[in-house]
Participant: 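The following block contains the structure, expressed as structure tokens.
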Amino acid sequence: MNKVTAEIVEAIVNVTGSGPVGLHEPDFSGNEITYLKECIDTSFVSSVGKFVDKFENMLCEFTGSKYSVAVVNGTSALHISLKLAGIQTGDEVLVPALTFVATANAVTYLGAVPHFVDMENLNLGIDPDKLRVYLSDICVSENGKTINKQTGRPIAALIVMHTFGHPSRIIELKKIAEEFKIKIVEDAAESLGSFIGNQHTGTFCELGILSFNGNKIITTGGGGAILTNNKDLAVAAKKLTTTSKVPHPWEYEHDQVAYNYRMPNLNAALGCAQLEQLENKLIAKRKLYDKYKESFSNIESAKIVSEPIGTTSNYWLNNLKLTIPNKSQKDEILAITNNLGIQTRPFWKILPSLSFFSESPRMPLSEAENLSDSIISIPSSSKL
Ligand SMILES: *Cc1c(COP(=O)(O)O)cnc(C)c1O
């Protein structure tokens, strides 16, 4: 182990203690069992029950979104949001080169093609300045549509994602989307509890999504939600995710092919109990970040990623960033910490390096490549 690796590993262990330590473990210390028992005692475990409405109302209250629609996972929330944004077969959708694969997968569910764009170093989000120059370069406007000159396909939408809970420059990105007349969907899967000023991430555009998978800041087992301030979109989202059933006490009438993406009552019950504890989790997360920040303060070779200025991150997942991108250094740190039972993970691979996206259009991804070689996620459970 070289000296740089040794000092970084020591700075992590200073905070986590010796292994085994998980990357991110859920924490159930509130009303989870009470609410789950209520579902079982009343037999409302599935598609009927009061917890789904309650969970949606709590989400609206916390995020300030007018409407929310709870669904089975974040991926299905993305799928439906893109469908509601009007994405069609043969469209291109701009997707950050570094995000969880689900963001790009959801694009392909509609027969559309992900078009990967570069990131910026400071906040790990899409770089708006590069994006504007790139779009000016490759796009022409035809009949109110923005066409990619290189592929001839319409560029129909942009997905913005707030990496690890750190807000992207969504306001600038939204301006670009307006200039180029493309739709925008906010993937706030990782950023429940993150704000720009007083506004919650996921509420800056017509459509935003959240995830409550087991590794997120709160969990419903599996789950997600669509956020919108537009009543028509909220009604359409509810219909599309509930087999488009026409309300009737007993008749099976459906008015279009739709999806069975509704969140079951059991999962929503868990979600209600988890949401009640969100403020406490956010405090615990920030404390953990402060400890890591302190532990790395005298280390030159790596720093802890901090929230962008003007924003409040949920600090869902803490990350160190090597001062100089270095893949072999990164791999060595991963190997040593995991061998010690301290679960660490690399940043994602850039998505066009996955075989099934190898043909996808992309802009030069130099910053995404650098970030992929310099970022390591470190243990971040709220109970640490
Ligand atoms: C977790 C996640 C999703 C998908 O959420 P699931 O609930 O696991 O389907 C989408 N995008 C990002 C950025 C995520 O981290």
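Just follow the structure's listing: the first ligand is 1, and inside any ligand the first atom is 1. Each residue takes its place number in the sequence, starting with 1.
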Participant: Can you see which heavy atom on Asn31 is nearest to which on Glu276, and at what distance?
Facilitator: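 Minimum heavy-atom separation between Asn31 and Glu276: ND2-OE1, 2.9 Å.
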Participant: Which of the numbered atoms in ligand 1 are under 4.0 angstrom from any heavy atom belonging to Thr99?
Facilitator: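 It comes down to these atoms of ligand 1: 13 (C).
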Participant: Which ligand 1 atoms are under 4.0 Å away from a heavy-atom of Gly223?
Facilitator: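 Answer, ordered by atom number: 7 (O).
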Participant: I'd like to check which ligand 1 atoms, numbered from 1 as shown, lie under 4.0 Å from a non-hydrogen atom of Asn213.
Facilitator: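 The list of qualifying atoms is 7 (O), 8 (O).
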Participant: Determine, using heavy atoms of Ala106 and all atoms of ligand 1, whether some pair is separated by less than 4.0 Å.
Facilitator: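 Ala106: no contact with ligand 1 (<4.0 Å).
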Participant: Counting heavy atoms only, name the option from Phe100, Trp316, Trp348, Phe212 that's nearest to atom 3 (C) of ligand 1.
Facilitator: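 Of the listed residues, Phe100 has the closest heavy atom.
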Participant: Between Arg132 and Glu179, is the closest basic N to carboxylate O distance under 4.0 Å?
Facilitator: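 Salt bridge present between Glu179 and Arg132.
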Participant: Which heavy-atom pair separates Lys245 from His254 by the least distance, and what is that distance?
Facilitator: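 Residues Lys245 and His254, closest heavy atoms: CA-ND1, 3.6 Å.
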Participant: So which protein heavy atom does atom 11 (N) of ligand 1 come closest to, and at what separation?
Facilitator: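 Here the closest protein heavy atom is Asp187 OD2, 2.9 Å.
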Participant: Find all atoms of ligand 1 within a distance of less than 4.0 Å from any non-hydrogen atom belonging to Ser211, and give their numbers and elements.
Facilitator: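 Once the distances to Ser211 are compared, the set is 1 (C), 5 (O), 6 (P), 7 (O).
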Participant: Take Phe212 and Phe55 through the test ring pair (Phe, Tyr, Trp, His ring centres under 6.0 Å) and record every step on the way to the result.
Facilitator: CA-CA 12 Å; Phe212 316 111; Phe55 185 56; 5.1 Å; yes
Participant: Provide the number and element of each atom of ligand 1 under 4.0 Å from a heavy atom of Thr75.
Facilitator: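 What qualifies from ligand 1 is 4 (C), 5 (O), 6 (P), 9 (O).
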Participant: Within ligand 1, which atoms have a heavy atom of Met161 less than 4.0 Å away?
Facilitator: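 This gives 13 (C) as the contact atoms.
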Participant: For a quick test of reading the model, state the closest non-hydrogen atom pair linking Val69 to Ala237 and the distance between them.
Facilitator: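 Heavy-atom minimum between the residues: CG2-CB, 4.0 Å.
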Participant: Among protein heavy atoms, which sits nearest to atom 15 (O) of ligand 1, and what does the distance come to when rounded to 0.1 Å?
Facilitator: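 Minimum-distance protein heavy atom for atom 15 (O) of ligand 1 reads Glu190 OE2, 2.5 Å.
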Participant: Give the minimum heavy-atom separation between Phe357 and Pro114, together with the two atoms involved.
Facilitator: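 Minimum heavy-atom contact is CE2-CG, 3.6 Å.
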Participant: Quick one: does NZ or CZ of Lys83 land under 6.0 Å from the six-membered ring centre of Tyr259, within 45 degrees of the ring axis?
Facilitator: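 Output no; distance or angle outside limits.
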Participant: Pick, from Ala189, Gly74, Ala77, the option with the minimum heavy-atom distance to atom 12 (C) of ligand 1.
Facilitator: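 Nearest heavy atom to atom 12 (C) of ligand 1 lies in Ala189.
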Participant: Considering only the protein, which heavy-atom contact is closest to atom 1 (C) of ligand 1, and what is its distance?
Facilitator: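 Here the closest protein heavy atom is Lys216 NZ, 1.6 Å.
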Participant: If you compare all heavy atoms of Ser194 against all heavy atoms of Gly165, which two are closest, and at what distance to 0.1 Å?
Facilitator: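 Reported closest heavy-atom pair: OG-O, 2.7 Å.
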